[in-house]
Amino acid sequence: DQPERQQTLRNTLDWSFDLLSAREQGLFARLGVFAGTFDLPAAEAVGAAATAPAGPARAGDVMDTLGSLVDSSLVQPQTRNGEPRFALLETIREYALERLRDGADWREAHDRHAAYFLALAEPAPAELQGPGQLVWLERLETEHGNLGAAMSWLVEQGQLEPAIQLSWATWRFWWLRGHAEELASYVGILAKSEHLPPRQRALALSGTGFGLFASGDQAAAQPLLEQSLPLYRQAGDMLGAATAAAMLGHLLALQHQDARASELLEQTLAPLQEAGNDRLAGPERAQHLLDVALVCNFLGQIRLSQADHDRAAQLFTEGLNAARSAQDRFTILISLYDLALSSQAQGDLTSAAERLQEGVSQSAEAGDEPSVAYYLEALAAVAMRQDNLERAVHLLAAAGALLQAKGSGWLHAVVPRAAHDEGFLAALRSRMGDAAFEQAWTRGQSLGGSRAVEYALAEASPEPTRPAGPPRAGDTGAIS
């Protein structure tokens with residue numbers, strides 16, 4: 001009953017497939033497991049057994065067979081960042097998967113695909129920090145579709161331990177590149193892992209909790225984080241327990257349970273400070289610094305809300321120092337934002353603007369456009385305090401356009417978001433007048449991502465226009 005056009009396409013694909021050799025047919029079917037583009041090493045990892053059924057596979061077998069499939073127009077050659085890659089058109093990929101399902105290689109091909117991308121995704125020590133982290137983020141963005149396909153396969157097949165490993169290896173990618181909600185959709189099943197050893201169970205529970213938190217479901221996240229803490233302690237993983245405790249403390253603070261949150265965070269921070277990280281190296285050192293940065297920032301946010309500005313600034317500075325030592329974009333972005341809010345609360349607008357501009361630059365370098373938007377909002381609050389109303393509106397409009405285009409991201413979930421609501425906009429409109437406000441808003445919306453970054457990093461006008469109008473209500477840059 002297929003429409004005539006679909007039947008014609010199917011007949012054409014059947015005819016093309018029948019013309020292939022057995023080796024070409026085997027590789028073509030296996031290539032259907034790739035979601036998006038892939039490179040030659042990935043094709044070799046997944047397809048080697050199909051091209052050398054009689055003995056050990058050779059890399060040249062896959063390369064030659066892949067070349068034949070390109071010549072047959074079943075595989076499309078592409079280039080990304082100067083490197084050769086390949087892809088199947090979606091209709092051809094669906095056909096390849098159908099052929100794979102009909103054969104005996106369905107599970108093996110998917111298992112090979114998942115194993116390859118699990119190994120590819122694991123960051124080397126140099127990729128946990130600084131410029132290496134940017135290279136790692138870009139590599140994983142290139143393989144975004146394949147990482148999702150690997151996660152889906154592992155979860156669907158109940159292979160929870162490699163699924164947990166993959167989710168923890170890649171969480172910075174999903175968060176920093178604006179895919180946190182997608183990760184949450186994969187890891188939901190990981191909480192059903194009662195049969196796992198304590199540490200693996202703790203990783204599953206807390207990983208699912210982090211994912212739910214990032215996607216906005218705080219109520220579901222809290223009990224999972226609470227359940228993970230004794231399991232981490234049972235397994236002797238104090239660093240893992242500290243990460244979970246940091247996020248749980250933040251959740252409690254968001255629920256205005258400041259006393260309970262403070263107690264948990266203070267109890268978590270003390271042993272971290274006592275232990276230090278001088279004797280740690282590699283992933284353990286990175287984890288320790290991550291924990292220190294998170295706990296200091298979340299505790300500092302509570303102190304800031306209580307107007308304990310000196311203690312808040314001290315904690316935020318310690319958090320930023322840890323984040324810089326780790327050269328970790330995730331905690332650097334949290335720390336810069338928090339410290340800027342602290343500076344602003346103490347009336348040091350120059351320092352606040354400098355921190356926020358660095359945050360804009362760091363977010364843009366990481367390809368984290370939603371975080372760029374949140375930094376633009378905070379810069380707008382500073383600009384309003386400086387009476388640079390036009391700049392404030394430009395920044396707010398540019399931020400709104402970015403969030404609408406790129407999604408809400410993750411940063412808003414872990415920092416006190418700067419003023420951006422209708423009351424803040426109404427105060428700007430009242431002071432500027434409707435016509436000037438609308439003109440500035442239109443210009444801000446038109447800036448786009450890269451131009452918005454350039455505008456934010458440019459020096460503000462030293463003598464902003466200060467239009468006459470009603471009293472300056474709402475120019476406190478309050479945190480909402």
Side-chain angles (χ1 to χ4, degrees), residues 253 258 262 293 296-321 323-324 332-363 371-396 398-399 411-412 414-432 440 455-480:
D258 287 359
S262 293
C296 284
N297 275 283
F298 293 151
L299 188 56
Q301 289 170 11
I302 297 172
R303 299 295 172 257
L304 182 61
S305 71
Q306 297 169 338
D308 186 352
H309 297 309
D310 290 341
R311 179 56 176 157
Q314 181 185 14
L315 286 163
F316 292 148
T317 299
E318 185 177 348
L320 181 59
N321 289 339
R324 290 202 193 281
I332 286 174
L333 290 175
I334 297 172
S335 302
L336 286 171
Y337 195 100
D338 280 344
L339 194 53
L341 293 184
S342 176
S343 297
Q344 184 179 344
Q346 297 180 83
D348 187 354
L349 301 183
T350 299
S351 294
E354 289 173 353
R355 300 294 190 193
L356 294 171
Q357 287 178 318
E358 183 182 352
V360 168
S361 180
Q362 293 262 6
S363 300
S371 291
V372 169
Y374 294 121
Y375 271 96
L376 296 183
E377 287 180 347
L379 276 169
V382 172
M384 189 175 186
R385 289 277 299 273
Q386 295 171 326
D387 286 332
N388 197 336
L389 307 184
E390 185 177 61
R391 178 174 171 82
V393 176
H394 289 160
L395 291 166
L396 279 174
L411 187 62
H412 69 98
V414 290
V415 297
R417 188 173 174 184
H420 63 284
D421 58 10
E422 290 299 323
F424 191 66
L425 293 175
L428 281 168
R429 182 186 290 273
S430 175
R431 291 177 59 184
M432 293 180 69
Y455 180 78
L457 297 181
E459 292 296 324
S461 170
E463 296 181 0
T465 302
R466 299 178 63 172
R472 297 173 189 168
D475 68 349
T476 60
I479 299 167
S480 63

All heavy atoms of Ser262 vs all of Arg303, minimum pair found to be OG-NH1, 3.2 Å

How many angstroms lie between CG in Asn297 and CG in Asp338, if you round to the nearest 0.5 Å?
4.5 Å

Check the angle between the aromatic planes of Tyr337 and Tyr375 and answer parallel, tilted or perpendicular using the 30° and 60° thresholds.
perpendicular

Heavy atoms, side chains only, cut-off 4.5 Å: are Ser305 and Asp258 in contact?
yes

Non-hydrogen side-chain atoms of Leu341 and Val415 separated by less than 4.5 Å:
no

Hey, what do you get for CD (Gln314) to CG (Leu299), rounding to the nearest 0.5 Å?
10.0 Å

Between Arg431 and Asp387, is there a side-chain heavy-atom distance shorter than 4.5 Å?
yes

Closest approach of Phe424 to Ala381 (non-hydrogen atoms, all atoms of both residues):
CZ-CA, 3.8 Å

Would Ser335 and Arg355 count as having a side-chain donor-acceptor pair, cut-off 3.5 Å?
no

Can you tell me how far apart CG (Leu376) and OG (Ser363) are? Round to the nearest 0.5 Å.
9.0 Å

Minimal heavy-atom distance between Leu349 and Arg385, with the atoms involved, is CD1-CB, 3.6 Å

Sorted by chain and number, sequence neighbours left out, side chain to side chain contact (heavy atoms under 4.5 Å, CB included) with Gln362 holds for Arg329, Ile332, Leu333, Leu336, Glu358

Which heavy-atom pair separates Ala419 from Leu396 by the least distance, and what is that distance?
O-CD2, 4.3 Å

Residues Val414 and Gln301: closest non-hydrogen pair is O-NE2, 2.8 Å

So do Tyr455 and Arg391 actually touch side chain to side chain, heavy atoms under 4.5 Å?
yes

Please report the interatomic distance CG(Leu315) to CG(Asp310), rounded to the nearest 0.5 Å.
11.0 Å

Do Ile302 and Gln306 make a side-chain contact, defined as non-hydrogen atoms from C-beta onward lying under 4.5 Å apart?
yes

For Ser343 and Ala352 the tightest heavy-atom approach is CB-N, 3.8 Å

dist Gln344:CD -> Thr350:OG1 (nearest 0.5 Å) comes out at 12.0 Å

Reported CG-to-CD distance for the pair Leu411 and Glu377, which is rounded to 0.5 angstrom
10.0 Å

